[in-house]
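All figures in this text were calculated on a predicted structure; none of them were measured in a lab.
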Amino acid sequence: MRMSFLLLCATARGTTAFHASSSQHHHRGATVVSSSLRSATTTSTSSSSLFSRLYQSSSSSDDENDYDYDLLVIGGGSGGVRASRIASGHGAKVALLETKLSHGVDPYYSAIGGTCVNVGCVPKKLMVFASRYPAEIREMEGYGWKGASEGRFDWKVFLENKNKEITRLNNVYQNFVLKNAGVEVIEARGSLTGPNSIEVHTTATGETSTLTAKNILIAVGGWPFKPDIPGIEHAITSNEIFYLEEQPKRMVVVGGGFIALEFASIMDGLGSDVTLMYRGDLFLRGFDDDMRTHLREEMENNSGIDVKFNTDPKEIRKQEDGSLLVIDQDGNEIECDSILYATGRKGKIDGLNLDAAGVHTERSFIPVNEYSQTNVPSIYAVGDVTDRIALTPVALMEGHRLADTVFGGMDRPVDHEFVASTVFTTPEIGTVGYSEQDAVEKYGDIDVYKNRFRAMKHSFPQSETYSLFKLIVETKTQRVVGCHVATDGAGEMVQGVAIAIKMGATKEDFDNTIGIHPTSAEELVTMRTPSYYYRDGQKVDKLE
């Protein structure tokens with residue numbers, strides 16, 4: 001049987017690391033991993049019977065010659081690319097439509113590879129690396145290095161090197177990941193004309209044509225949201241910051257989620273004067289409360305960021321000298337050179353003409369079931385546009401499992417429990433599983449282990465920066481259901497822990513593991529006595 005698979009990347013946004021709803025909560029477009037997830041389903045049909053229908057439908061050859069392809073996928077980011085590659089490996093014929101094959105500025109910003117590669121995780125992490133060198137240099141004298149100085153950060157050199165790297169990755173995705181897998185890559189935009197057809201708008205010529213397929217996959221990702229206030233046209237987002245010609249000397253960052261905090265930390269580390277405005281009492285809503293409080297203390301004590309809670313801009317004015325004046329709800333004014341909004345993301349469904357196929361949407365997102373199927377049987381969706389968990393690895397999982405199910409004959413519903421994540425602030429926060437508050441709600445009885453200490457690295461310089469480690473254990477089974485770490489390199493650390501937690505490791509398994517000494521990570525296997533407990537949902541300091 002010949003199977004066909006067309007991947008349409010109408011917006012090149014793909015799926016992003018700027019992290020979704022469920023109870024893995026949104027924090028400005030990035031996910032907070034708490035794991036008490038709702039299932040984003042559009043049907044109550046059992047998984048086994050649904051899988052049978054999905055695969056039987058996809059493998060039927062009665063009408064395969066009536067279509068150009070077996071599946072049209074809209075979105076060339078992480079989820080769409082992975083689904084197309086895996087589907088091709090299962091014998092599908094794959095064509096990928098991407099609005100742009102090389103990154104650049106307005107109106108798209110992104111390109112092949114999606115948000116993550118072009119204006120998301122990859123360039124952001126490169127910025128994170130750059131931003132951390134000054135702090136390293138400041139601590140050198142404590143170890144005997146004399147005369148070390150931070151030097152001067154050259155924004156233009158960084159952007160030149162960043163652009164080279166993203167161009168390289170665009171080429172890798174197009175010519176190695178996709179073409180080597182047998183995927184046809186077309187530079188074009190697509191919109192639905194029915195449940196089995198897409199109108200293709202060629203980027204270079206503007207010409208249109210129509211392609212058909214037995215199934216369609218939408219993987220267009222998300223787009224930054226900006227509120228409607230006077231002067232909002234002067235604000236930038238996580239798209240534009242990667243293409244600014246000059247580094248802002250003074251920057252206001254608005255938001256309290258993943259992206260806002262990361263860029264506040266980045267720009268502070270690069271030497272900008274940063275003001276962080278958040279309308280709530282404490283940022284990173286949905287994360288473990290101890291991690292939120294710890295990061296606030298570290299930012300206030302060990303960074304130059306001016307953190308302003310319960311503060312929300314109401315107007316932005318551009319002044320004669322080109323600077324901006326930000327006015328909050330109380331009339332307070334702050335001058336800056338740039339204001340970055342990181343106040344959420346929406347599904348990038350504009351221009352897809354979903355109504356033509358009858359695809360149901362909620363706000364700007366597309367609800368799907370556990371196999372990523374929409375209310376229209378022939379149309380699927382993965383990644384940020386589904387409002388499940390807006391993380392690149394999650395989109396990869398969703399796309400992979402969809403292709404395995406529909407084309408590989410495998411029963412592989414999505415799995416959104418115990419998804420690890422990292423906030424790349426300084427210090428980093430690494431997390432997997434349930435927060436304390438969510439674990440109490442789910443289990444009622446839990447044991448909480450935690451410790452706050454100054455890491456060995458910071459002892460000689462006598463830096464007043466601290467680490468926080470925390471384990472959440474379900475009392476009845478003694479399974480570790482949550483791990484939260486705030487320290488240097490937390491992301492690298494928690495990735496390994498996530499394997500154990502996903503496999504169902506117990507506190508005894510952690511205790512039986514010999515630590516690596518001297519490391520901060522050994523704290524995870526040396527915490528022996530609970531700091532406190534919850535019984536029947538009530539906090540208890542000591543057990544009688």
- Task: Take E464 and R454 through the test salt bridge (charged side-chain N to carboxylate O under 4.0 Å, His left out) and record every step on the way to the result.
- Result: CA-CA 7 Å; E464 292 297 321; R454 182 163 63 184; 3.3 Å; yes

Nearest heavy-atom neighbours spanning [X] and [Y]:
X	Y	answer
D312	Q329	N-OE1, 2.8 Å
A235	Y341	CB-CD1, 3.7 Å
T311	F309	OG1-O, 2.9 Å
T386	E398	OG1-OE1, 4.3 Å
G347	S364	N-OG, 2.9 Å
P123	F158	O-CZ, 4.5 Å

- May I ask you to establish whether K162 and Y243 are in a cation-pi arrangement, using a distance under 6.0 Å from NZ or CZ to the six-membered ring centre and at most 45° from the ring axis?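 Positive - K162 is close enough to the ring of Y243 and near enough to its axis.
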
Is the distance from the ring center of [X] to that of [Y] below 6.0 Å?
X	Y	result
F460	Y143	yes
Y449	F469	no
F287	Y434	no

Under 4.5 Å between any side-chain heavy atoms of [X] and [Y], yes or no?
X	Y	result
V423	E262	yes
F263	S265	no
I429	T422	no
Q247	F153	yes
V119	T237	no
D268	S272	no
R82	V177	no
Y466	H294	yes

How far does [atom1] of [X] sit from [atom2] of [Y], to the nearest 0.5 angstrom?
X	Y	atom1	atom2	value
I259	I266	CD1	CD1	10.5 Å
T343	M277	OG1	CE	13.5 Å
D488	M493	CG	CE	8.5 Å
D281	N310	CG	CG	4.5 Å
K348	I218	NZ	CD1	13.5 Å
K318	D321	NZ	CG	10.0 Å

Using a 3.5 Å distance criterion without hydrogens, assess whether the side chain of [X] forms a donor-acceptor pair with backbone atoms of [Y].
X	Y	result
R452	L468	no
N170	I112	yes
T425	P427	yes
W155	L270	no
D415	E417	yes
S435	D438	yes

- Start with the C-alpha distance between D328 and R279, add both sets of side-chain angles, then the distance that settles salt bridge (charged side-chain N to carboxylate O under 4.0 Å, His left out), and finish with yes or no. CA-CA 10 Å; D328 70 17; R279 63 184 179 182; over 6 Å; no

I'd like to know if [X] and [Y] make a salt bridge, using a cut-off of under 4.0 Å between side-chain N and carboxylate O.
X	Y	result
D337	R250	yes
E233	K226	no
R138	E150	yes
K470	E436	yes
D387	R345	no
K156	E246	yes
E428	R132	yes
E165	R168	yes
K450	D290	yes

Does a side chain donor of either [X] or [Y] reach within less than 3.5 Å of an acceptor in the other side chain?
X	Y	value
N118	N239	no
H103	T167	yes
S303	E298	no
T465	H458	no
S323	Q319	yes

Step through the shown structure and confirm whether more than 12 heavy atoms of other residues, nucleotides or ligands are within 6.0 Å of [atom1] on [X].
X	atom1	result
F453	CZ	yes
D154	CG	yes
Q495	CD	no

- Task: Take N163 and E160 through the test side chain to side chain contact (heavy atoms under 4.5 Å, CB included) and record every step on the way to the result.
- Result: CA-CA 5 Å; N163 289 337; E160 288 173 1; 5.8 Å; no

- On the 0 to 90° scale, with breaks at 30° and 60°, tag the Y109-W223 ring pair as parallel, tilted or perpendicular.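 Y109 and W223: tilted rings.
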
- Please report the C-alpha distance between S463 and E139 in whole Å, then the side-chain angles of each, then the deciding distance to 0.1 Å, and finally whether the side chain to side chain donor-acceptor pair (under 3.5 Å) criterion is met. CA-CA 8 Å; S463 302; E139 288 196 327; 2.5 Å; yes

- Query: Should T431 and V485 be marked as a side chain to side chain contact (heavy atoms under 4.5 Å, CB included) after you check the CA-CA gap, both sets of side-chain angles, and the distance that decides it?
  - Reply: CA-CA 6 Å; T431 177; V485 175; over 6 Å; no

- Verdict with supporting geometry, T275 and I305, side chain to side chain contact (heavy atoms under 4.5 Å, CB included): CA-CA 6 Å; T275 300; I305 302 171; over 6 Å; no

- side chain to side chain contact (heavy atoms under 4.5 Å, CB included) evaluation trace for M251 with I236: CA-CA 11 Å; M251 172 171 274; I236 66 170; 4.3 Å; yes

